[in-house]
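Report on the following structure.
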Amino acid sequence: MTLKLYCFGESGHSYKAALALELARLDWEPVFVDFFAGETRAAAYRETVNEMGEAPVLVDAGGLRLSQSGVIQQVVTELSGRFGGETPDEAREVLRWVLWDNHKLSSIAGMVRFQMNFLPEEKRDPAVIAFLQGRLQAALQILESHLAGRDWIVGRGPTNADLTCAGYLYYPEPFGFDRQAHPAIHDWLGRLSQLPGWKHPYDLMTPAHPEVRKIYQKEAVSK
């Protein structure tokens, strides 16, 4: 039974779900969502895919239909037995980091990246960008300090804590994250990218923004 993930390449939250599915080696396929053309804001999407007007959304032939990347990651754990932690204490710690990331790290990274790269230039507010980058740096420092001397966020191997916190940190567009300035995060991202089955977000999912799609297509042709 093939799982379908409604997603698009620029979405870090979609990437968390797609990467979990891919690393767990589940049978899944991406369903392209044309976010920048307004698909998620249309009535048809809200009525048939997700009433919240968001991506990612995981569906299967049996009627499963779930949004929110953290919930989808949990489903991956239930189906594969992977990434949930080895003990009940670890499972709670994984959930703690998933909730922290969605509130403190990914939410901020997603907003500032959108402001800096996908809004029309005349609508980009320097004060808003500066505020968001300040919040982003505070979150990154928490993650950097936690990873110092550790291979993974929780326990002895990769978990959903790692997959969620890394959701926006592989993207090439500028948004205030300098990987070289965070050596513990840098090394941790390197370990993640060495896992069998790891793929860059633009290799797992098609970009939706027209300009990003052009770059992606040129790079694909040149390979």
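Only heavy atoms go into these numbers, but all of them, side chains included; no hydrogens, no water, no symmetry mates.
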Margin query: Looking at His200, I'd like to know if its NE2 atom is crowded, meaning that more than 12 non-hydrogen atoms belonging to other residues, nucleotides or ligands lie closer than 6.0 Å.
Written below: yes
CA sep, side-chain torsions, deciding dist, call: Tyr15, Ser69, side chain to side chain contact (heavy atoms under 4.5 Å, CB included): CA-CA 9 Å; Tyr15 182 50; Ser69 59; over 6 Å; no
| request: Please check if the side chain of Gln115 supplies one atom and the backbone of Phe175 the other of a donor-acceptor pair under 3.5 Å. | output: no
Worksheet item: Do Phe177 and Arg113 come within less than 4.5 Å of each other through their side chains, counting heavy atoms only?
Response: no
Rounded to the nearest 0.5 Å, the CG atom of Leu192 sits from the CG atom of Asp187 at a distance of 11.5 Å
State, with a plain yes or no, whether a side-chain heavy atom of Glu10 is found less than 4.5 Å away from one of Phe114. no
Of all heavy-atom pairs linking Gln73 and Ala20, the shortest is CG-CB, 4.3 Å
Is a donor from one side chain sitting under 3.5 angstrom from an acceptor on the other, for Trp198 and Gln194?
no
(Q) Between Thr159 (side chain only) and Gly84 (backbone N and O only), is there a donor and an acceptor less than 3.5 Å apart? (A) no
With a 3.5 Å distance limit and no angle check, can you tell me whether Arg65 reaches the backbone of Val59 through a side-chain donor-acceptor pair?
no
OG1 (Thr87) and CZ (Arg92) are apart, to the nearest 0.5 Å, by 7.5 Å
Open item on the list: Same cluster or not: Leu195 versus Val94, using hydrophobic residues (I, L, V, M, F, W, Y) connected whenever any side-chain heavy atoms lie under 4.5 Å apart?
Closed with: yes
Of all heavy-atom pairs linking Trp152 and Leu147, the shortest is C-CD2, 4.1 Å
For the backbone of Glu86 and the side chain of Arg156, can you confirm whether one donor and one acceptor N or O come within less than 3.5 Å of each other?
no
If you count the non-hydrogen atoms of other residues, nucleotides and ligands that lie under 6.0 Å from CD in Glu121, is the total more than 12? no
I would like to know whether Glu144 and Gln137 meet side chain to side chain contact (heavy atoms under 4.5 Å, CB included); could you show each step before the answer? CA-CA 10 Å; Glu144 175 74 13; Gln137 292 308 315; over 6 Å; no
Legend entry - Arg135 vs Lys104 side-chain heavy atoms within contact, under 4.5 Å: yes
**Asked** Counting N and O atoms only, with roles assigned by atom type, does the side chain of Thr48 sit under 3.5 Å from a partner on the main chain of Ala44, one being a donor and the other an acceptor?
**Response** yes
Next item on the list: May I ask you to check whether Phe35 and His209 place their ring centres under 6.0 Å from each other?
Entry: no
Rounded to the nearest 0.5 Å, the CH2 atom of Trp188 sits from the NE2 atom of His146 at a distance of 10.0 Å
To the nearest 0.5 Å, atom CE of Met205 lies from atom CD of Glu22 at 11.0 Å
- Query: Can you tell if the side chain of Leu143 reaches within under 4.5 Å of the side chain of Ile153, non-hydrogen atoms only?
  - Reply: yes
Margin query: With a 3.5 Å distance limit and no angle check, can you tell me whether Ser106 reaches the backbone of Asn102 through a side-chain donor-acceptor pair?
Written below: no
Separation between CG (Asp27) and OG1 (Thr2), nearest 0.5 Å, reads 3.5 Å
OG1 (Thr164) and CG (Leu105) are apart, to the nearest 0.5 Å, by 8.0 Å
Has the side chain of Tyr45 got a donor or acceptor atom that lies under 3.5 Å from a matching backbone atom of Glu54? yes
| said: For Glu173, I'd like to know if atom CD has over 12 heavy atoms of other residues, nucleotides or ligands within 6.0 Å. | reply: yes
Check: Asp34 side chain, Glu39 main-chain N or O, donor-acceptor pair, under 3.5 Å: no
- Is the backbone of Trp97 close enough, under 3.5 Å, to the side chain of Asp101 for a donor and an acceptor to pair up by distance? no
I'd like to check Val49 versus Val31 (side-chain heavy atoms, cut-off strictly below 4.5 Å). Are they in contact?
no
### Message
Do Leu204 and Leu19 have side chains that approach each other closer than 4.5 Å (heavy atoms only, starting at C-beta)?
### Response
yes
Exactly one of Thr77, Val57, Leu5, Leu3 clears side chain to side chain contact (heavy atoms under 4.5 Å, CB included) with Ile72, and that residue is Leu5
Review point. Is Val98 linked to Met52 within one hydrophobic cluster, defined over Ile, Leu, Val, Met, Phe, Trp and Tyr using a side-chain heavy-atom separation of less than 4.5 Å?
Key: no
Closest non-hydrogen contact found for Ala55 with Ser11 is O-OG, 4.1 Å
More than 12 heavy atoms from other groups under 6.0 Å of CZ on Arg25: no
- Query: For the residue pair His13 and Tyr168, does the interplanar ring angle fall in the parallel (under 30°), tilted (30 to 60°) or perpendicular (over 60°) class?
  - Reply: perpendicular
Can we call the ring centroids of Tyr202 and Tyr171 under 6.0 Å apart?
-> yes
Whether Arg82 side chain and Val76 backbone form a donor-acceptor pair below 3.5 Å: no
Check your understanding: Taking a hydrophobic cluster as the set of Ile, Leu, Val, Met, Phe, Trp and Tyr residues connected by side-chain heavy atoms closer than 4.5 Å, whether directly or through intermediates, do Met111 and Phe131 fall within one such cluster?
Key -> yes
- Message: Ignoring hydrogens and geometry beyond distance, is a side-chain donor-acceptor pair present between Ser145 and Gln141 at under 3.5 Å?
- Response: yes
For Pro174 and Asn117, the nearest pair of non-hydrogen atoms, with its separation, is O-ND2, 2.8 Å
Has Arg41 got more than 12 heavy atoms of other residues, nucleotides or ligands less than 6.0 Å from its CZ? yes
Can you confirm whether Thr206 sits close enough to Pro30 that some side-chain heavy atom of one is under 4.5 Å from a side-chain heavy atom of the other? no
Taking every heavy atom of Ser67 against every heavy atom of Asn50, the minimum-distance pair comes out as CB-ND2, 3.6 Å
Heavy atoms of Cys165 and Trp100 approach each other most closely as SG-CZ3, 4.0 Å
Next on the checklist: Evaluate Leu58 against Trp28 for side chain to side chain contact (heavy atoms under 4.5 Å, CB included), listing each step before the verdict.
Outcome noted: CA-CA 10 Å; Leu58 184 72; Trp28 77 284; 5.9 Å; no
Check: Between Tyr6 and Leu64, is there a shared hydrophobic cluster once you connect ILVMFWY residues whose side-chain heavy atoms come closer than 4.5 Å?
Finding: yes
query: Taking C-beta and beyond as the side chain, do Leu119 and Asp125 meet within less than 4.5 Å on heavy atoms?
result: no
With hydrophobic residues grouped by side-chain heavy-atom distances under 4.5 Å, do Leu99 and Leu66 end up in a single group?
no
